[in-house]
Structures are given as structure tokens and as C-alpha cells.
Student: 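This is the structure, below, for whatever I ask next.
Naming convention: chains lettered A, B, ... in sequence-line order (proteins, then strands); numbering from 1 in each chain.
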Amino acid sequence: MLQPSRTKYRKVFKGRIRGKATKGASMAFGEYGLQSLECGKLTSRQIEAARIAITRHVKRGAKLWIRVFPHKAITKKPAETRMGKGKGDVDSYVAPLKRGTMIYEIAGLSQELAKEAFRLASHKLPVKTRMVTRSQGDILG
Amino acid sequence: MAQSTLNVLKRKRMGKSGAREIRKEGNVPAVLYGKGTEPISLVIDPSELKTALSTDAGENTLLEIKLKEGEADIPKLSLLREIQYDYLTDKPIHFDFQALDMKEKITVAVPVHIEGKAKGVKEGGILEEILREISVECLPTNIPNSFTIDVTELEVGHSIHVNTLEIEEGVTILHEPEDTIATVLAPKVEEKPVSDEELEGEEGAEGTEDAASEEAKEEGSEEGS
């Protein structure tokens, strides 16, 4: 699973995720992409589960790019612990998502295969998504 | 050099609300700028622009912008410089046009077209397009329509580089000669997931080995003492 090898600060504020993505919102590498339509957080487990769903479906003959990385540490207090005594320990890592963020990109396969692979992957993710193609935004397309 | 005419309107209301009004009518706000040209805000009909750009040169078509409603036309030819898209609907929300000085070199992105099916792809490899556009510097009259590369002889692990492109005189490529345009990658096979039973079996075997080695050690130490 994805997680940072080294962080400057172990624990970070929770924060709020609002607005639309200005970076990482367009197709950069592949032919088809899976774009987030909501703000949210993707845990490293969810990213991995969706990746496995895609690679299992396409079997071989496709290249996949994961465009998000879980940089943000999420802390959790142990079960049956009283409140207080400081912030809990780091439990997992998440990737904060804004509306429009491109989560995965894929190339080297047919559109039907990519559509089905992304449909299977979207079931593993906590946000609404849609598939985009490279020619979709083209004024000449 | 492909050239066509584009009829536009001068934008009357500026600002965010004005732009929204234009988009509501089905048009797109735009700006025209250039060296020695006063920037003008315009209103473009996207279907008209699409027709104007449907030449061999595509988005690099030189446009003769004509203002409707009897205003003086823009004397210079223009080039579509940027299209901003709505990130959710993929509809264009703004266009940038640059008025060109025909004697001055400009930098443009020329699309790369891939022809044929690579040998490596037939063997199960994946064709990866790394550069989909090539930046070139040339006079507006010399802009190439596109670069076509033939990948039929490309095997797994082989690539096509920028230095193999055929260019006309007066065109300079702004990439390193060794930059890769397309490559055929070897297919990556997903490892089969290990079932729980297999894992338990392995752990069990390891456990017995460990126990046996520990016993042997203990025996050894007893003998030594």
C-alpha cells in the first residue's frame, strides 16, 4: 500500500476539503481517466483496492497511472480510551481529493475494457467518479 | 499554411457576470492580444470556430478575425493560443487568440500522429505515447500541420525519438534530440493473489523448521556444557 517514506511532521490538522481541483484535473499520461466528481479522502487501502480491481480486469496489455498519493496522516485513538491525553497515533494515510481530480489514467486498451475496469474500480472508492477520454474536451473532437 | 476566416463580436459587458451571460447564450468569451495590438475582448460562437479550425492544420490554423456589426477588422492574422475547458462538462469556457507578426518566429505545439500497429503490440506489448505534441519554433507561414510517425517496425523495448522526425527548413524543434515520442513497453502481469490456505501452509512449514533448528541449538548447547 502507498504511504510516505518519511514525513516532516508526523501528525497534521484534519482540515476541510472544499472547492474544485486546479492541479491534477486534466489528462496527463493515458488515453482514459477516472475523474472524481466530489471532494473526499481516499485511503491508501481504497487506492490499492481500486488499482487491483482495474489490473485484474484488464489482465495484461494496459498501463496504469495512479495520479493521487496518500500524503496526509490520519490519527486514531485506541478503542475504549477516555478523551484527552493528547492526539491519537497515526492510523492510516489518505489522499485528499477535490472535485475534478484525476485519480487514475490508463492507456493501451479499448474504450469498452477501460470503461468496465473503471466501473469496477469506482465501487471501491468513496467518491462519485466518471470516466473521461482524451478527445472529450477537444473542440475539434 | 492553412488559413480561414472567423466572424466574431466585440464583447460589451466585462467581468464575471458578463462572461456568464455570454456563456448562457451559447457563446464563449475570448481575448485577442499580440505585440503592438491593443487587447480586445471578443465573443465567439464555438461552432463557427470549430468550422474555421476544421482544416489540415487543426488548432494551428491561421485565422482572419472579422468583427461583425461594421467595426474595423483586425489587420493581422491570429492563432488560437489557449482553450480553457470546464473541468466537469468539458465545454470550452474561454479562448485566447494571438495576433501574429508574420515576420517574427513563434513557438507552437504541433500534434504527433501515430500510424500503424507496432510489432511489439502484436506480441502483447503496450504502446506508450510520451510526446503527443512537439514544440517547434518557426515563422507563422511555416507551421507544420502535424508530424506523422510510423510505428509498425517498433518492437518491445524500442522507442522512437525526436531526432527521427523529418522537418522542413526554417522549423526548429524545441525538444532534446533524445526525447522519446513513443515506446513499446513489455506487458506487466498482475501477480496471482496468494490464498490464505497457501499462506498458512508456508507459515506452518516455517514454524516446524524454526522449531527444529531451535531444538538442535539447545542440544548443542547442552552437549557443550
Student: Can B:D90 and A:R130 be counted as an ion pair, charged N to O under 4.0 angstrom?
Tutor: yes

Student: Check each atom of B:L88 against the heavy atoms of chain A and say whether the ones under 4.5 Å are side chain, backbone, both or neither.
Tutor: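 For B:L88, the contact with chain A is made by backbone and side chain together.
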
Student: Does B:R81 have more than 12 heavy atoms from other residues, nucleotides or ligands lying within 6.0 Å of its CZ?
Tutor: yes

Student: I need the minimum non-hydrogen distance between A:K20 and B:Y87, along with the two atoms involved.
Tutor: CD-CE2, 3.1 Å

Student: Using a 6.0 Å cut-off, check whether atom NZ of A:K124 has over 12 heavy atoms from anything other than its own residue.
Tutor: no

Student: What's the spacing between B:E128 CD and A:E31 CD if we round to 0.5 Å?
Tutor: 10.0 Å

Student: For the residue pair A:F29 and B:R132, what are the closest heavy atoms and their distance?
Tutor: O-NH2, 2.9 Å

Student: Just wondering, more than 12 heavy atoms not from B:E25 lying within 6.0 Å of its CD?
Tutor: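 Enclosed: over 12 neighbouring heavy atoms sit under 6.0 Å from CD of B:E25.
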
Student: Which residues pass the ring pair (Phe, Tyr, Trp, His ring centres under 6.0 Å) test with B:Y33, sequence neighbours left out?
Tutor: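 B:Y33 satisfies ring pair (Phe, Tyr, Trp, His ring centres under 6.0 Å) with no other residue.
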
Student: Is it the case that atom NZ in A:K87 sees more than 12 heavy atoms from other parts of the structure closer than 6.0 Å?
Tutor: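 Yes - once you tally the heavy atoms of other residues, nucleotides and ligands closer than 6.0 Å, there are more than 12.
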
